[in-house]
Participant: 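Here it is, the structure in full.
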Amino acid sequence: MVLLDPLADALSTIINAESTGKPDCIIHPASKVIGNVLKVMQDIGYILEYPWVKPFYLCRLQDIGYIGNYEFIDDGKSGMIKVELIGKINKCGVIKPRSSVGYHDFEKWEKRYLPARNFGILILTTPDGVLSHSEARSRVVGGQLLAYVY
């Protein structure tokens with residue numbers, strides 16, 4: 001089997017495990033990009049471990065995190081990442097080709113990849129690191145689109 005896009009394989013592993021109702025999944029091979037994308041997915045809102053931060057009924061949709069914890073497992077090769085799923089992902093995928101986008105063009109890409117306004121996130125790589133589109137808009141920075149999650 002040929003591995004052409006590790007990020008696409010990782011996101012398809014997550015969505016397949018999520019749709020079958022599994023509590024966690026193993027992603028291999030691990031990479032820094034996959035780790036950074038998982039960090040963005042985790043940082044959107046509060047983490048499952050800390051329910052006292054904000055009650056669930058006071059959260060907006062974009063404040064709810066998509067995944068729980070994740071950890072790197074060293075297997076002596078490229079490593080694996082174990083991801084705890086919390087049942088919040090409807091769909092996720094990679095944006096190919098990785099188009100360059102300015103901070104003023106996010107609306108066009110939201111219409112193309114997300115089902116509704118303020119529902120889901122676009123993940124992009126910027127000079128400031130891997131960010132969600134809302135955080136990149138607030139920092140007034142553009143970059144290349146990597147993935148979408150809702």
Side-chain angles (χ1 to χ4, degrees), residues 1 3-96 98-99 101 106 109-139 141-150:
M1 185 173 124
L3 183 65
L4 295 177
D5 190 2
L7 181 60
D9 291 343
L11 292 179
S12 65
T13 300
I14 288 173
I15 197 66
N16 289 339
E18 188 82 44
S19 64
T20 57
K22 293 184 179 179
D24 57 4
C25 68
I26 302 286
I27 297 171
H28 53 59
S31 71
K32 288 182 180 180
V33 172
I34 294 172
N36 290 335
V37 168
L38 291 176
K39 179 75 173 139
V40 169
M41 289 171 66
Q42 186 182 38
D43 286 344
I44 300 298
Y46 67 95
I47 299 174
L48 194 62
E49 287 184 346
Y50 308 107
W52 59 84
V53 173
K54 191 184 284 189
F56 180 75
Y57 57 86
L58 292 178
C59 294
R60 296 175 296 165
L61 282 176
Q62 63 262 27
D63 288 341
I64 299 171
Y66 288 103
I67 61 171
N69 292 328
Y70 64 94
E71 64 177 322
F72 176 77
I73 301 168
D74 188 16
D75 63 351
K77 298 176 190 172
S78 60
M80 298 184 290
I81 299 175
K82 182 178 180 182
V83 179
E84 176 189 332
L85 302 173
I86 57 175
K88 301 287 185 194
I89 299 175
N90 294 320
K91 188 173 181 182
C92 63
V94 173
I95 298 174
K96 283 287 190 171
R98 292 186 176 163
S99 303
V101 60
F106 289 136
W109 294 96
E110 283 182 63
K111 288 179 185 176
R112 186 172 293 178
Y113 288 105
L114 301 179
R117 270 189 111 156
N118 296 328
F119 186 76
I121 57 169
L122 295 173
I123 300 172
L124 60 147
T125 180
T126 66
D128 295 342
V130 178
L131 304 172
S132 67
H133 73 282
S134 58
E135 189 174 351
R137 184 181 291 141
S138 67
R139 292 187 185 188
V141 65
Q144 288 188 330
L145 292 172
L146 291 177
Y148 62 92
V149 181
Y150 60 88

Participant: Taking C-beta and beyond as the side chain, do Asp9 and Pro6 meet within less than 4.5 Å on heavy atoms?
Facilitator: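 A side-chain contact under 4.5 Å is absent here.
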
Participant: Please find the pair of heavy atoms, one from Phe106 and one from Ala136, that lie closest to each other, and give the distance.
Facilitator: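 Closest heavy-atom pair between Phe106 and Ala136: CZ-CB, 3.9 Å.
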
Participant: Would you say the side chain of Met80 lies within less than 4.5 Å of the side chain of Phe72, judging by non-hydrogen atoms?
Facilitator: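 No, their side chains stay 4.5 Å or more apart.
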
Participant: If you apply the rule side chain to side chain contact (heavy atoms under 4.5 Å, CB included), what do you find for Glu135 with Val40, and how did you get there?
Facilitator: CA-CA 10 Å; Glu135 189 174 351; Val40 169; over 6 Å; no

Participant: Heavy atoms only: give me the nearest Leu114-Ile121 pair and the separation to one decimal.
Facilitator: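 Closest heavy-atom pair between Leu114 and Ile121: CD2-O, 3.8 Å.
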
Participant: Once rounded to the nearest 0.5 Å, what's the spacing between atom CG of Leu124 and atom OG of Ser99?
Facilitator: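 It comes to 11.5 Å.
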
Participant: Scan the side chains in residues 141-150 for donor-acceptor partners under 3.5 Å anywhere in the protein, sequence neighbours excluded, and list what turns up.
Facilitator:
none

Participant: Quick check: closest heavy atoms across Ile15 and Asn90, and the distance to 0.1 Å?
Facilitator: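 For Ile15 versus Asn90, the nearest heavy atoms are CD1-O, 3.5 Å.
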
Participant: Keeping the roles fixed (side chain from Glu110, backbone from Arg117), state whether a donor-acceptor pair exists under 3.5 Å.
Facilitator: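 Not at all, since once roles are kept as given, no pair shorter than 3.5 Å links the two residues.
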
Participant: Drop me the distance from Lys91's NZ to Ser19's OG, to the nearest 0.5 angstrom.
Facilitator: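 Output value for this atom pair is 12.5 Å.
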
Participant: Heavy-atom distance under 4.5 Å between the side chains of Asn69 and Gln42, does that happen here?
Facilitator: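 They are in contact (side-chain heavy atoms under 4.5 Å apart), so the answer is yes.
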
Participant: Tell me if a side-chain donor or acceptor on His133 pairs with a main-chain N or O of Leu122 at a distance below 3.5 Å.
Facilitator: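 Present.
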
Participant: What's the separation between atom CD1 in Ile67 and atom CG in Asp24, rounded to the nearest 0.5 Å?
Facilitator: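 Ile67 atom CD1 to Asp24 atom CG measures 12.0 Å (nearest 0.5 Å).
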
Participant: Looking at Gly87, is its backbone amide N or carbonyl O close enough to the side chain of Glu18 to form a donor-acceptor pair, meaning the two atoms are under 3.5 Å apart?
Facilitator: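 Yes: the side chain of Glu18 pairs with the backbone of Gly87.
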
Participant: Indicate yes or no: at least one non-hydrogen side-chain atom of Ile26 is less than 4.5 angstrom from one of His28.
Facilitator: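 The answer is yes, as the side chains (C-beta and beyond) meet within the 4.5 Å cut-off.
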
Participant: Given Met41 and Ile89, is the side chain to side chain contact (heavy atoms under 4.5 Å, CB included) satisfied, shown in steps?
Facilitator: CA-CA 10 Å; Met41 289 171 66; Ile89 299 175; 3.6 Å; yes

Participant: Show, in sequence, the C-alpha distance, side-chain angles and deciding distance for Cys25 and Ile14, and conclude whether the side chain to side chain contact (heavy atoms under 4.5 Å, CB included) test is met.
Facilitator: CA-CA 7 Å; Cys25 68; Ile14 288 173; 4.0 Å; yes

Participant: Show the numbers, then the answer: is there a side chain to side chain contact (heavy atoms under 4.5 Å, CB included) between Leu7 and Ile34?
Facilitator: CA-CA 6 Å; Leu7 181 60; Ile34 294 172; 4.2 Å; yes

